[in-house]
Amino acid sequence: MSAVTEVAPGYRASRTLPLRVEALRQWRRRRTLVMGGVLAALPFVLMTAFAVGGGPGGGPNGGNGRITLIDTATASGANFAATCLFVSAGFLLVVPVALFCGDTVASEASWSSLRYLLASPVPRARLLWSKLVVALGFSLAAMVLLPAVALAAGTAAYGWGPLKLPAEGSLAAADTVPRLALVVAFVFVSQLVTAGLAFWLSTRTDAPLGAVGGAVGLTIVGNVLDAVTALGSWREFLPAHWQFAWADALQPHLEWGGMVKGATVSVSYALVLFALAFRGFARKDIVS
């Protein structure tokens with residue numbers, strides 16, 4: 001006798017756990033508001049530091065005879081936004097990605113609400129898909145928030161003008177916003193590997209802190225390995241090796257080589273990790 005699966009009238013798996021519902025749930029969480037506040041406050045912290053210290057570097061050219069991106073921070077609002085991205089891309093922007101992607105499934109398990117979601121019934125793949133899309137959306141919003149606030153605050157404090165390059169030359173004021181948007185897009189793509197790692201860990205543990213901390217910790221390990229020059233060309237397979245390739249977008253002549261390689265490495269790792277998350281969760285015995 002063939003098994004017959006009964007489905008309630010009107011039930012559609014594709015309509016369970018709508019993205020707007022999941023987005024509202026995540027928006028109302030305290031950690032979302034705290035992370036948004038921290039990112040929005042960073043530009044004002046830097047502006048205060050520059051005001052107290054007498055300007056970027058504490059003196060002409062930072063006191064070392066070299067002009068760096070930080071030394072040109074107060075040249076214009078665009079320069080200030082680029083500086084905020086420079087000081088935060090290596091670590092600070094890793095945290096919201098790991099937090100939003102690593103906390104999303106594990107938190108449900110820690111609250112013992114995961115099995116009730118699945119019993120609603122929400123198909124496992126649908127649940128993961130909704131949570132992943134919302135987590136990536138909040139991660140992108142976090143990366144847009146920081147330079148947007150920095151650009152607005154920097155323009156108000158230092159004026160609107162061309163983006164002065166550390167070496168020589170400048171980008172026209174009309175080109176700065178598109179270039180900064182390209183930088184944000186690359187930083188987001190380069191962080192997909194962190195998102196994939198955090199999301200996979202979130203499906204493997206009931207401890208949100210373990211998933212978030214594990215993703216941040218392994219990202220730090222990647223940065224450490226990239227600093228080991230003895231690895232030679234093997235470092236090119238590390239996502240951390242390309243994390244500042246976005247600097248090529250702030251050159252008079254846009255260079256794509258480094259960003260394309262970095263994006264390829266990050267997306268490749270991310271796809272594998274996302275696939276592992278979906279595969280493992282589909283077979284997982286949900287007890288919480």
Side-chain angles (χ1 to χ4, degrees), residues 19-20 23-24 26-51 55-56 68-101 103 133-166 170-192 194-195 243-251 254 259 262-263 266:
L19 292 179
R20 67 178 181 277
L24 279 175
Q26 298 301 326
W27 171 255
R28 290 170 179 169
R29 295 194 54 190
R30 183 177 300 176
R31 53 101 157 124
T32 303
L33 301 178
V34 170
M35 182 55 63
V38 170
L39 293 174
L42 178 63
F44 298 100
V45 172
L46 287 179
M47 291 175 65
T48 302
F50 292 153
T68 65
L69 185 61
I70 294 180
D71 292 316
T72 62
T74 58
S76 67
N79 274 95
F80 184 68
T83 299
C84 287
L85 284 170
F86 176 73
V87 300
S88 60
F91 179 75
L92 181 59
L93 290 181
V94 173
V95 176
V97 176
L99 181 63
F100 292 133
C101 295
D103 181 69
V133 170
V134 171
L136 291 178
F138 275 90
S139 299
L140 178 59
M143 294 185 185
V144 172
L145 176 64
L146 175 63
V149 172
L151 185 62
T155 300
Y158 311 121
W160 175 254
L163 192 153
K164 183 178 180 182
L165 302 177
S170 62
L171 289 178
D175 295 332
T176 56
V177 173
R179 294 292 186 93
L180 288 173
L182 178 59
V183 170
V184 172
F186 174 77
V187 172
F188 174 71
V189 172
S190 67
Q191 292 298 336
L192 284 178
T194 301
Q243 63 181 337
F244 289 107
W246 56 262
D248 294 340
L250 301 182
Q251 302 300 321
L254 184 60
M259 289 188 289
S266 182

Test Met259 against Val189 for side chain to side chain contact (heavy atoms under 4.5 Å, CB included), laying out the working first.
CA-CA 10 Å; Met259 289 188 289; Val189 172; over 6 Å; no

Got a donor-acceptor contact below 3.5 angstrom from the Arg179 side chain to the Leu163 backbone?
no

Got a second to check how far Arg29's CZ is from Leu99's CG, nearest 0.5 Å?
7.5 Å

If I take atom CD from residue Gln191 and atom CD from residue Gln243, how far apart are they, to the nearest 0.5 angstrom?
7.5 Å

Looking at CG of Leu180 and CG of Leu171, how far apart are the two atoms once the value is rounded to the nearest 0.5 Å?
9.0 Å

Between Phe244 and Ala89 the two heavy atoms that sit nearest each other are CE2-CB, 4.2 Å

Could you walk me through whether Met35 and Leu145 pass the side chain to side chain contact (heavy atoms under 4.5 Å, CB included) check?
CA-CA 11 Å; Met35 182 55 63; Leu145 176 64; over 6 Å; no

Using a cut-off of 6.0 Å, state whether more than 12 heavy atoms not belonging to Trp27 lie near its atom CH2.
no

Without hydrogens or angle criteria, can the side chains of Arg31 and Gln26 be said to hold a donor-acceptor pair below 3.5 Å?
yes

Nearest heavy-atom pair of Thr176 and Pro162: which atoms, and what distance?
CG2-C, 4.5 Å

Got a second to check how far Thr83's OG1 is from Leu46's CG, nearest 0.5 Å?
8.0 Å

Is Leu39 close to Leu93 at the side-chain level, that is, under 4.5 Å between some pair of heavy atoms?
yes

For Ser139 against Phe188, the heavy-atom pair lying closest together
CB-CE1, 4.4 Å

For side chain to side chain contact (heavy atoms under 4.5 Å, CB included), just list the numbers for Val187 and Val183, CA-CA rounded to whole Å, side-chain angles, deciding distance to a tenth of an Å, and then say yes or no.
CA-CA 6 Å; Val187 172; Val183 170; 4.3 Å; yes

Could you tell me whether Phe86 atom CZ has more than 12 heavy atoms of other residues or ligands within 6.0 Å of it?
no

If you look at every heavy atom in Tyr158 and Ala73, which pair is closest and at what distance?
CD1-O, 4.3 Å

Could you go through Leu182 and Trp246, starting from their C-alpha distance and side-chain angles, then the distance that decides it, and tell me whether this counts as side chain to side chain contact (heavy atoms under 4.5 Å, CB included)?
CA-CA 8 Å; Leu182 178 59; Trp246 56 262; over 6 Å; no

N/O donor-acceptor pair under 3.5 Å between Ser266 side chain and Gly262 backbone
no

Work out which heavy atom in Thr32 is nearest to a heavy atom in Phe138; give both atom names and the distance.
CG2-CE2, 3.7 Å

Any side-chain heavy atom of Leu254 sitting closer than 4.5 Å to one from Asp248?
no

Test your reading of the model: is there a side-chain donor-acceptor pair from Thr155 to the backbone of Ala152, 3.5 Å cut-off?
no

Distance-minimising heavy-atom pair for Ala247 and Gln251
O-NE2, 3.3 Å

Asn79 side chain to Thr74 backbone, donor-acceptor under 3.5 Å
no

One should read off an interatomic distance between Leu151 CG and Leu146 CG, to the nearest 0.5 angstrom, of 11.0 Å

